[in-house]
Amino acid sequence: MNAVNKTLYIPLYGKSYVSKKGLFLADPKAEEIWESEGFPLKGKAKSKYLAYYMGIRSAVFDQWLTRQMEAMPEAAVIHIGCGMDSRILRVGAGSHLWYDVDFPEVIAERERYYAETANYRMVPGDARDRTWLTAVEDCTSAIVVMEGVSMYLTDGEMRALTHALCERFERIALLVDCYTTFAARMSGRRNPVGSVGVTRVYGIDNPNVYNSGELAFAKEHAMTPREFIDELKGLERFVFSKLYAGGFSKKLYRLFEYRKNIKKEIK
């Protein structure tokens, strides 16, 4: 795998770590894969506080996706940059068509641990190349999650992706986490992805940068809701609240929702 693909092991480690501790989410598949495939992480990448952050981030995405699936029963679910994530098992596809999308070499690795079903497909593809969209069956609505992906794409590449989604689907709900430009500038010194060889990431400050026609910024979500922080105790809760939540965290990392032709608020 190249350096960007290796970054998938950082959130995998985080989800495995919190799952073992009984925090935020239950993810036995992450535990299984990390036990088999994991490798020694260096520096900040192995921090327990970063693991807590990764676990909370995934739990927030899971909650949002569950709500959207209930409100849009006809929509396809598209997880772009799925890595080895087990969201399909944690959330469940229900009656939805579900597509996990990532680079061909990642999907090849993923196929060792996951099996396709009648409504679950693993699609090899690059987010920067719209051809993978041809694998999505004929449907007019999509719920799209991009967790830990946008920071590896330029503004132009993200706009091209949102444009392709907007052309393909009549209704869209999209959730994407983003670095700020400050965080991207600081990444050379403090970013855990450096431990797996990534040297360039990107950030935005204005969420409207990713707008494309009718697909537009709708709202910002909390990355570390209090309900999850309160699962931590004592000193760990205090340290996490200072480093990974609140105003300082917001200067580094944001969580944006985009919508196309969805009038009703889905909280």
Side-chain angles (χ1 to χ4, degrees), residues 1-15 40-58 60-61 80-83 85 102-103 106 126-129 144-163 174-212 215-225 228-229 239-258:
M1 290 188 182
N2 62 29
V4 170
N5 290 345
K6 285 183 179 179
T7 63
L8 65 87
Y9 285 103
I10 298 174
L12 179 69
Y13 166 74
K15 283 171 282 192
L41 295 174
K42 302 176 183 178
K44 190 176 180 181
K46 64 180 180 182
S47 163
K48 66 180 178 181
Y49 293 105
L50 181 63
Y52 294 155
Y53 195 77
M54 294 294 180
I56 291 176
R57 182 181 74 175
S58 287
V60 168
F61 269 82
I80 299 175
C82 59
D85 186 82
D102 215 316
F103 292 108
V106 175
D126 187 331
R128 297 165 296 187
D129 179 358
V144 185
V145 288
M146 294 181 65
E147 179 184 0
V149 177
S150 72
M151 55 285 302
Y152 306 114
L153 304 178
T154 66
D155 293 357
E157 289 167 341
M158 273 297 299
R159 281 194 299 273
L161 174 58
T162 57
H163 178 72
L174 165 67
L175 189 66
V176 53
D177 56 322
C178 308
Y179 283 165
T180 64
T181 55
F182 173 72
R185 288 197 303 271
M186 292 289 291
S187 66
R189 289 179 288 175
R190 299 185 61 83
N191 198 321
V193 299
S195 67
V196 291
V198 172
T199 58
R200 184 72 181 272
V201 293
Y202 306 91
I204 63 169
D205 297 320
N206 181 357
N208 294 308
V209 166
Y210 294 162
N211 289 357
S212 179
L215 179 64
F217 171 68
K219 64 185 296 186
E220 181 171 358
H221 291 264
M223 187 73 77
T224 51
F228 293 119
I229 296 175
V239 173
F240 185 87
S241 296
K242 293 297 183 182
L243 295 180
Y244 288 94
F248 177 70
S249 176
K250 200 169 182 179
K251 292 179 180 179
L252 303 175
Y253 214 6
R254 311 288 285 274
L255 183 59
F256 298 136
E257 178 179 343
Y258 297 81

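Everything numeric here is computed off the predicted structure, so don't read it as measured data.
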Show the numbers, then the answer: is there a side chain to side chain contact (heavy atoms under 4.5 Å, CB included) between Val145 and Ile80?
-> CA-CA 6 Å; Val145 288; Ile80 299 175; over 6 Å; no
Check the pair Met151 / Tyr202 against side chain to side chain contact (heavy atoms under 4.5 Å, CB included), numbers first and verdict last.
-> CA-CA 5 Å; Met151 55 285 302; Tyr202 306 91; 5.8 Å; no
May I have the step-by-step check of side chain to side chain contact (heavy atoms under 4.5 Å, CB included) for Glu220 and Glu257, ending in yes or no?
-> CA-CA 6 Å; Glu220 181 171 358; Glu257 178 179 343; over 6 Å; no
Please walk me through it: do Arg200 and Thr154 pass side chain to side chain contact (heavy atoms under 4.5 Å, CB included)?
-> CA-CA 10 Å; Arg200 184 72 181 272; Thr154 66; over 6 Å; no
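Taken from CG in Leu161 to CG in Leu153, the straight-line distance is 7.5 Å, to the nearest 0.5 Å. One distance of note links OG of Ser47 with CE of Met54; it measures 10.0 Å at 0.5 Å rounding. Note: Asp102 CG to Asp126 CG = 9.0 Å, rounded to the nearest 0.5 Å. In this structure, the separation between OG on Ser212 and CE on Met158 is 10.5 Å, given to the nearest 0.5 Å. The distance from the CZ atom of Phe61 to the CE atom of Met223 is 6.5 Å, given to the nearest 0.5 Å. Interatomic distance, Leu50 CG to Ile10 CD1, rounded to the nearest 0.5 Å: 7.0 Å.
In plain terms, the two heavy atoms of Val176 and Ser150 that are nearest each other are CG2-CB, 3.7 Å. The minimum heavy-atom distance between Asp155 and Ile204, with the atom names listed, is OD1-CG2, 3.4 Å. Nearest heavy atoms, Gly203 versus Thr181: O-CG2, 3.4 Å. When all heavy atoms of Arg57 and Gly148 are compared, the pair lying nearest together is NH1-CA, 3.7 Å. Residues Ala222 and Val60 come closest through the heavy atom pair O-CG1, 3.9 Å.
The shortest side-chain heavy-atom distance between Val201 and Tyr179 falls under the 4.5 Å cut-off. Counting heavy atoms from C-beta outward, Pro225 and Ile56 have side chains that approach closer than 4.5 Å. Leu175 has its side chain within reach of Leu255: a pair of non-hydrogen atoms, C-beta onward, lies under 4.5 Å apart.
In this model, no donor atom of one side chain and acceptor atom of the other lie less than 3.5 Å apart for Asp205 and Thr180.
Relative ring orientation between Tyr210 and Tyr258 is described as tilted, the plane-to-plane angle lying within the 30° to 60° band. Between Phe256 and Phe217, the ring planes are perpendicular. Angles over 60° get that label, and only those under 30° would be called parallel. Classified by interplanar angle (parallel below 30°, tilted 30° to 60°, perpendicular above 60°), the ring pair Tyr49/Tyr52 is perpendicular.
Classification of Asp177 and Arg254 as a salt-bridged pair fails, no side-chain N sitting under 4.0 Å from a carboxylate O.
When each of Tyr13, Phe228, Tyr244 is paired with Tyr53, the ring pair (Phe, Tyr, Trp, His ring centres under 6.0 Å) condition holds for Tyr244 and for no other.
Between the Thr162 side chain and the Arg159 main chain, a donor and an acceptor come within less than 3.5 Å of each other.
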